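What you are looking at is a predicted structure, and each value in this text was computed from that prediction instead of being measured. Chain letters run A, B, ... following the sequence lines, proteins first and then strands; every chain starts at 1.
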Amino acid sequence: MSESINVTLKVWRQNGPGEAGRFETYPLENVSTHASFLEMLDILNEKLINTGKMPVAFDSDCREGICGSCGLMIDGQAHGPDRETATCQLHMRRFSDGDTITIEPWRARSFPILKDLVVDRSAFDRIIEAGGYNSINAGNAPDANAILIPKIDAEAAMDAAACIGCGACVAACKNASALLFVSAKVMHFARLPQGKPERETRVARMVAKMDEEGFGSCTNTTECEAACPKGISFSNIVSLRRESMRAQCSGRSTR
Amino acid sequence: MTLESKVPSGPMDKRWSRHKFDLKLVAPANKRKHTILVVGTGLAGASAAATLAELGYNVQAFFYHDSPRRAHSIAAQGGINAAKNYQNDGDSVHRLFYDTVKGGDFRAREANVHRLAEVSVNIIDQCVAQGVPFARDYGGELANRSFGGAQVSRTFYARGQTGQQLLLGAYSSLMRQVDLGKVKLFPRREMLDLVVIDGVARGIVCRNLVTGEFESYAGDAVLLCTGGYGNVFYLSTNAKNCNVTAAWRAARRGAFFANPCFTQIHPTCIPQSGEHQSKLTLMSESLRNDGRVWVPLKKGDTRSPREIPEAERDYFLERRYPSFGNLVPRDVASRASKAVCDEGRGVGPTGLSVYLDFAASIERDGENTIRQKYGNLFQMYEKITDDNPYEVPMRIYPAVHYTMGGLWVDYNLESTVPGLFVLGEANFSDHGANRLGASALMQGLADGYFIVPYTLGSHIAGRTLAKVTTDHPAFADAVKASRDVTTRLLAVQGSRSVDSFHRELGMTLWNNCGMARNDAGLRSAREKIRELRDQFWSNVRVTGKGEELNQTLEHAGRVADYFEFAELLVIDATERQESCGGHFREEYQTEEGEAKRNDDKFQYVAAWEFAGVGEDPKLHKEPLTFEEVHPSQRSYK
Ligand SMILES: Cc1cc2nc3c(=O)[nH]c(=O)nc-3n(C[C@H](O)[C@H](O)[C@H](O)COP(=O)(O)OP(=O)(O)OC[C@H]3O[C@@H](n4cnc5c(N)ncnc54)[C@H](O)[C@@H]3O)c2cc1C
Ligand code: FES
């Protein structure tokens with residue numbers, strides 16, 4: 001059933017990196033409950049442009065929950081109220097007529113704000129750069145079925161590999177820890193035979209890089225898991241700790 | 001200028017090997033001296049950038065996303081084809097080649113397609129080695145499924161997230177090269193011009209999307225891996241930011257644009273729900289393996305689907321195409337769905353959708369099996385529509401999805417501007433007039449991992465490349481040209497938003513150059529596009545400044561290019577007086593309403609040379625010959 005609702009938006013506005021920001025309030029009328037949350041912001045922006053004001057900047061691309069571009073704090077929750085749902089998949093039917101909705105960017109020292117709701121998440125790329133790969137060159141791979149991988153291991157690797165790198169885990173964590181993101185990548189590789197040759201160096205380097213980027217420490221509150229749009233499990237963090245220990249004991253954690 | 005396809009001669013299955021041997025090699029020590037500019041980090045760009053760096057080239061990679069991993073390739077759901085024949089069901093390189101040429105309705109270059117089928121097997125090996133967690137069977141071997149337009153199971157997949165996993169694989173190889181210092185990344189950069197010096201592509205101009213500055217980069221070759229132009233229609237399954245700008249600006253600098261009217265409309269998308277709609281969501285084609293497509297037999301039947309008895313349902317794909325059934329190629333399925341909706345038998349509030357029903361397969365295999373196969377797609381559907389597809393059939397309707405057209409390239413993937421190579425969806429090369437499911441991922445990775453790393457040698461070792469820096473006046477000219485466009489856009493200060501112009505342009509194309517096209521409609525569309533373009537330049541409203549992060553300005557630049565490009569698209573559709581693949585001209589159809597090609601007159605690639613905005617572009621034809629697969633009327637009956 002198509003209905004429309006009226007909402008009041010309190011949106012974080014900030015002109016550029018390092019500048020002072022503020023909340024601004026915008027009433028928005030007749031929003032279809034079939035519209036997605038970002039489509040609702042599109043409508044707001046259209047209105048702002050038509051009155052000669054600067055639209056609200058926010059990142060989005062695929063709008064189907066897979067590219068990891070979008071990411072908003074909605075009423076204090078990373079990606080809003082729905083479980084396993086990225087901001088772009090959230091729909092206005094989740095809200096009621098008359099609601100006031102507060103919208104903020106991810107807040108973390110390692111994700112500086114570029115403008116309004118847009119943040120710089122390149123720290124994630126730099127963590128992947130520090131060993132989040134298998135060192136193989138195109139052209140020298142053996143036949144894909146040469147190494148059999150038990151279905152259960154492939155599925156477990158896939159569970160971890162499903163991370164979309166949106167940063168919600170960091171935003172949801174009171175310490176702005178990136179450990180869920182890092183553990184998902186480490187465990188994706190650790191569960192596959194192809195990831196074994198660099199297993200020890202990978203975890204050591206990625207964790208060191210994460211610390212260097214200024215992310216906080218994990219204190220096991222598991223907010224990250226609750227906020228993750230892909231349902232990446234906190235158990236990856238537990239496994240990562242074991243991987244780290246294993247790497248240290250192995251004496252093979254440096255290249 | 002005559003188009004030289006540079007297709008090698010000799011037996012089809014030996015051509016690529018022979019060509020590789022004949023191509024000039026660049027010595028390892030020399031590779032280090034060359035800088036390659038790669039624009040785009042989707043499957044095509046990331047795989048090319050990583051592989052060229054592995055070979056020793058210095059690579060600079062540009063993309064408008066904040067991270068290379070976010071390229072639109074990430075959204076591909078269904079899978080990637082390869083002629084591995086792991087299922088022992090009769091697949092082979094030859095069969096994949098045959099299916100692709102036929103699926104493309106005989107408008108692709110045979111030799112390119114054969115090469116694609118040959119290297120398809122290496123792609124899977126490469127991805128598995130990178131750690132791509134493809135689906136597996138209990139014995140630990142790779143699993144396969146079948147996809148539209150094929151009768152063998154040759155599609156590899158990773159749940160419903162194949163594109164994501166393949167891109168993360170390519171991205172990891174790319175980041176390894178960043179770690180090794182061989183690739184430098186330039187995020188949030190939009191390429192706005194190609195710099196051509198002495199007739200050779202030697203650089204690009206980008207706008208830094210954070211600061212708004214214009215930046216110049218010089219190199220020895222430019223690789224455009226910038227994806228497709230489906231968003232010219234406004235509503236499509238493409239990511240919001242996909243656009244034609246890089247390709248179009250290259251076209252303005254002399255790269256010919258081939259077959260722009262070959263656009264693919266995908267049959268299984270979630271229908272539009274209202275005015276606010278910003279994009280359409282694909283429901284993977286793999287669903288047609290288990291879902292049955294139907295509409296009520298009676299017009300205007302408003303009963304809920306579960307109340308309509310079997311005898312009063314029309315499973316129109318199974319009825320019309322008994323041997324392929326629900327698995328007919330996309331163009332065929334889309335047109336059939338449109339036909340039943342045009343008859344007034346469509347369902348849903350707007351009458352513009354058909355059912356995709358899983359009841360039979362849930363009964364056969366159990367809900368759990370279906371959940372395992374498609375769980376995330378069902379969940380996605382439910383989030384968007386608020387309907388539970390385990391209980392009620394999905395409603396689907398065709399939507400713009402993929403563009404077979406693109407910049408013209410020769411067998412080396414080099415455009416008509418020497419030194420400018422084009423990879424992935426941005427080129428026109430392998431899919432003819434219709435692409436088969438799971439073949440775009442294959443093509444992007446083939447181009448990047450296994451083709452361009454060889455063929456680039458023909459340019460680097462085959463030409464004398466004088467040293468060029470960004471001090472060359474051609475860079476200053478290109479920067480000025482790009483800056484002028486931005487300044488003009490900001491100066492209009494009209495009263496209508498960029499988005500509203502884009503929507504109207506898209507509507508014009510969808511209505512006149514979408515699933516069905518005719519001469520009168522196309523001609524009126526061209527007039528309409530020209531009018532809208534004039535209005536755009538006199539009445540668009542772009543707020544803010546050029547020297548800041550300004551998403552409205554970014555969008556405005558892209559829409560400005562769409563307005564020029566859209567005109568070419570309808571010109572191409574007007575000129576091609578035949579129906580083939582996704583290009584359906586109502587005047588040219590068989591008695592059963594199938595596409596009717598005209599091989600005598602149109603068995604060619606239409607490559608268009610830009611002649612100025614609003615001017616008639618110049619048509620160059622590359623004739624197509626078929627030696628292995630003889631053109632026939634496609635039949636999926
Ligand atoms: C929803 C969906 C599902 C699909 N599913 C499948 C499937 O199951 N199987 C299959 O085979 N195919 C599928 N496809 C098609 C396939 O995903 C694409 O054709 C393919 O991924 C395109 O890859 P690409 O590398 O050519 O371009 P893209 O992945 O689109 O990458 C383009 C890159 O270019 C950059 N870029 C573009 N313009 C500029 C510019 N001006 N300046 C700087 N950078 C620029 C972008 O930042 C990006 O990095 C699907 C497509 C869609 C829309
Ligand atoms: S926009 Fe891609 S995940 Fe939300």
Name the member of [options] that forms the most heavy-atom pairs with chain A at distances under 4.5 Å.
| options | result |
| --- | --- |
| Met380(B), Gln379(B), Arg69(B), Glu275(B) | Arg69(B) |
| Ile124(B), Leu142(B), Ile123(B) | Leu142(B) |
| Thr543(B), Asp386(B), Asp179(B), Val210(B) | Asp179(B) |
| Asn376(B), Asn238(B), Thr51(B), Val178(B) | Val178(B) |

Closer than 4.0 angstrom, basic N to acidic O: yes or no for Arg188(B) and Asp59(A)?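 Judged by the 4.0 Å cut-off on N to carboxylate O distance, Arg188(B) and Asp59(A) do form a salt bridge.
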Does a donor on one side chain sit under 3.5 Å from an acceptor on the other, for Tyr86(B) and Asp143(A)?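 Per modelled atom types, Tyr86(B) and Asp143(A) side chains form a pair under 3.5 Å.
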Is it the side chain or the backbone of [X] that comes within 4.5 Å of chain A heavy atoms, both, or neither?
| X | result |
| --- | --- |
| Gln77(B) | side chain |
| Ser495(B) | backbone |
| Gln126(B) | both |

Determine the minimum heavy-atom distance between [X] and [Y], stating which atoms define it.
| X | Y | answer |
| --- | --- | --- |
| Arg176(B) | Ile136(A) | NH1-O, 3.1 Å |
| Arg136(B) | Ala144(A) | NH2-O, 4.2 Å |
| Ala129(B) | Asn134(A) | O-ND2, 3.0 Å |
| Ile384(B) | Arg93(A) | O-NH2, 2.8 Å |
| Lys185(A) | Leu168(B) | NZ-CD1, 4.3 Å |

Do side-chain atoms of His188(A) reach the backbone of Gly131(B) as a donor and acceptor pair under 3.5 angstrom?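 Answer holds: yes.
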To the nearest 0.5 Å, how far apart are CE in Met158(A) and CD in Gln164(B)? 6.0 Å
Is it true that atom CD1 of Ile152(A) has more than 12 heavy atoms of other residues, nucleotides or ligands lying nearer than 6.0 Å?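 Not more than 12 within 6.0 Å, no.
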Per-residue contact mode, Val118(A) against chain B (heavy atom under 4.5 angstrom): side chain
Please look at Ser69(A) and chain B and tell me whether the side chain, the backbone, both or neither of the residue comes under 4.5 angstrom of a heavy atom of that chain.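 Backbone plus side chain of Ser69(A), per the 4.5 Å heavy-atom cut-off to chain B.
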Between Arg121(A), Glu155(A), Met40(A), which shows the greatest number of heavy-atom pairs under 4.5 Å with chain B?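 Maximum pair count with chain B is reached by Arg121(A).
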